[in-house]
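Before any comments, here is the structure.
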4 protein chains.
Amino acid sequence: MAQLLQAAASVFCTTGYTAASTNAIAREAGVSPGTLYQFFPNKEAIAIELGDRLVHEMRETYGEALAPVEPGTSLEEAVGTAVDRFVDFGCRHPVFFALTHGPDIPGRIAEEHDALHATLLSRVEALLSSFAPDTPAADVARTAQVCLSTYKAGLELVLAHEGAERDAYVRELKHLLVRYLAPMVGEHAASRSVHPWIDTP
Amino acid sequence: MAQLLQAAASVFCTTGYTAASTNAIAREAGVSPGTLYQFFPNKEAIAIELGDRLVHEMRETYGEALAPVEPGTSLEEAVGTAVDRFVDFGCRHPVFFALTHGPDIPGRIAEEHDALHATLLSRVEALLSSFAPDTPAADVARTAQVCLSTYKAGLELVLAHEGAERDAYVRELKHLLVRYLAPMVGEHAASRSVHPWIDTP
Amino acid sequence: MAQLLQAAASVFCTTGYTAASTNAIAREAGVSPGTLYQFFPNKEAIAIELGDRLVHEMRETYGEALAPVEPGTSLEEAVGTAVDRFVDFGCRHPVFFALTHGPDIPGRIAEEHDALHATLLSRVEALLSSFAPDTPAADVARTAQVCLSTYKAGLELVLAHEGAERDAYVRELKHLLVRYLAPMVGEHAASRSVHPWIDTP
Amino acid sequence: MAQLLQAAASVFCTTGYTAASTNAIAREAGVSPGTLYQFFPNKEAIAIELGDRLVHEMRETYGEALAPVEPGTSLEEAVGTAVDRFVDFGCRHPVFFALTHGPDIPGRIAEEHDALHATLLSRVEALLSSFAPDTPAADVARTAQVCLSTYKAGLELVLAHEGAERDAYVRELKHLLVRYLAPMVGEHAASRSVHPWIDTP
DNA sequence: GATGAATGAGGATTCATTCAT
DNA sequence: TATGAATGAATCCTCATTCAT
């Protein structure tokens, strides 16, 4: 079954969900199509189970990565940790993006993913609030959304490169986020090593 | 034919390229399947024609949006214009993203898109170089990549909202980019209203 | 219309009846598909009209070629004339074979062709009877069938070659028929330049 | 699979290759269209497999039928044996002709068939040479071609009849060939029961 | 009369799913 | 339980035919 999920991950990665055939998955897993259907009622269920596991692991990853920071943690540190974890996760599970993007993925996964997104969102919001308690909730929510989107886009870029170049992109992604967030958290993080940012007046 | 392309755009948007059936496109266009095949030799050709038109329009859009800035233009202005154009384009052509993502889109489109990407990239690089002439080429290239990815991700976020909320996201996207780029262009844009950024020492 | 039939002949020749498309015929004729259907109710009708004309011309050709021979005509002369006409006809109308062979031609043509075949058969029978009046009718009929089949097969062989080689095959075809028929007509054609054949005793 | 090939043979026989639909073949075989495609990748492959088997069997048939004759074998015997085998083969495999004629049969089959034709041709040539060693090669080749064509045409005639009538046609076919060849082999077969033929002087 | 875009049933082929072994 | 042949609906695409202009 782990075998099957791994095969599915591999096939989804290379062909996408829609174009992936259950026969191809079974073949990749080295079992017969019939066997596949003794573990999963249909193709969608495979993607859902896969998604569930990813989401679960992601939740754990972020549970730690986005946990409320201890007082005194700098923005750089917080962002750095989160990005590193995110990158690590993305490297270990390239399927995640095959199941995340694309309008042709099963509804259940979309829901699952939305739920994950919402969770992450609230964590990021909490984090942001701890850094900038006075910011209106709507702004925090929006900023969190932007952060998540940026995360994902940046991660794809990171994964598209290797070695030193990958590391360079990781640094850029951190800069991108830190610089974006600095003004918001600036006043409440005067102890940081970055100059306060003067936003559009 | 415009009718068909529009229908195709609509169907590709909702189901993705792979899952889109030519019969569905024909139905959406209000014609019979046979009619569709008098204009396009096959499904791929529809996507390609659609992609060509989008790329063409995108090229024009960017030709103006990313044109070398006149001396004296601020980073904010340059980014603001580019983002506005990009957003406008995205609003008018939501298909663009359906044909851009996904591993199962026809090779021709991928090429076309890669070519477009390369073009945009070199324009952004030129723009960045004009703002920060002393930056090493490799860094400029990487920064341009990050900008483009951020553009795209931000645009999706923008398109997912409407009205005032959309405008707010547009502002955030501009901030995101401006803040990211400010340190790089900082020394050459001392006249700007942003403080120079002190990067990782 | 002659234009259309000619185009049809050409297309039938190259692709066969079944694989020939009415659009291809119309295109070959330089007219629109609609125009084609103002002359013929359907694809079959084209083949039928074509077949009719060929059969008509063939009938005339054979009317003369297989006409009752004047007394004193040798077998060689009779066969030689018939073969020459047949070959000439085949050279001018290569379609004939496209519409003659193959199990996928319309029933009407088959009938037409069968009628032609029957006509030719009775002429050949008459000819044979005039050469060998004492032969039983059943034998004459069978021999006539063999002659016709041999004719056709030989003709295809002839048409497959050109120039001197074609002429050589024409000669062989004549030999084939003359030698086959000689024993049957031998006794009644003692004046011929061939030795009588002593058949299976 | 034998079931499918048999069904295909039957359908090809009645409708010809082009007009034969895979659904019809599947239905004739009593299976679903999908099943057919688990054995053959496409319609052409069915014809090719069928053709291969026929060609293979034909080769064996002819390997024996056209083997170099032992010294002392008469022309009648040689022809008689070959025709009998050919007829037997044709009776058991009427498809052979459906896949042999027609301009729309798959290229692979045409090649296969051409190869077979060439093989048969060289065997017939060898046979003829053994009977008439002094005949120029070009003449032998031509005569062999005529023999093969006559074979095929005669066989179709034979297959079109049954019982005693079929036997009668078989005899006629043998006569046709023996009489055609007698003059050529005459001098070297003086011991035979046929009179030498005096050809065009 | 000529046109040619439109039609839609039909054919080749795929693939998610089932079930007898 | 595992298998893998069988299924058949659905897909892409063709082409004989029609009809508004």
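The shown structure was predicted, so the numbers you read here are calculated from the model rather than taken from an experiment. Chain letters run A, B, ... following the sequence lines, proteins first, then strands; residues in each count from 1.
In this structure a side-chain-to-backbone donor-acceptor pair under 3.5 Å is missing from C/Glu112 to C/Asp52. For the pair D/Thr100 (side chain) and D/Phe96 (backbone), a donor-acceptor distance under 3.5 Å is present.
One interatomic measurement links the two molecules: OH of C/Tyr17 to C1' of F/dC15, which rounds to 13 Å at whole-angstrom precision.
Sequence neighbours left out, the pairs with a member in residues 90-102 of chain D that pass salt bridge (charged side-chain N to carboxylate O under 4.0 Å, His left out) are D/Glu57-D/Arg92, D/Asp88-D/Arg92. Applying the ring pair (Phe, Tyr, Trp, His ring centres under 6.0 Å) test to every pair with at least one member in residues 15-34 of chain C, sequence neighbours left out, gives these pairs: C/Phe12-C/Tyr17.
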In B/S/- notation, 5' to 3', how is nucleotides 7-13 of chain F contacted by protein heavy atoms closer than 4.0 Å?
-> BB---SB
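Annotation: side chain of A/Leu159 is in contact with side chain of A/Cys91 (closest heavy-atom distance under 4.5 Å). No side-chain heavy atom of A/Glu49 sits under 4.5 Å from any side-chain heavy atom of A/Phe39. Taking 4.5 Å as the limit, some side-chain heavy atom of C/Thr119 sits within range of a side-chain heavy atom of C/Arg59. Under the 4.5 Å side-chain criterion, counting only non-hydrogen atoms from C-beta, B/Leu36 is not in contact with B/Pro33. Proximity of B/His117 to B/Lys152: side-chain heavy atoms (C-beta onward) are separated by under 4.5 Å at one or more points.
In the 5' to 3' direction, nucleotides of DNA chain E lying under 4.0 Å from heavy atoms of chain B begin and end at E/dA5 to E/dG8.
Checked against salt bridge (Lys or Arg N to Asp or Glu O under 4.0 Å), D/Arg27 has no partners two or more places apart in sequence or in another chain.
Residue-level contact check: C/Phe39 touches the backbone only, with heavy atoms under 4.0 Å from sugar-phosphate atoms and none from bases.
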Pairing annotation in dot-bracket form, given for DNA chain E with Watson-Crick or G-U pairs under 3.5 Å and | for cross-strand partners | .||||||||||||||||||||
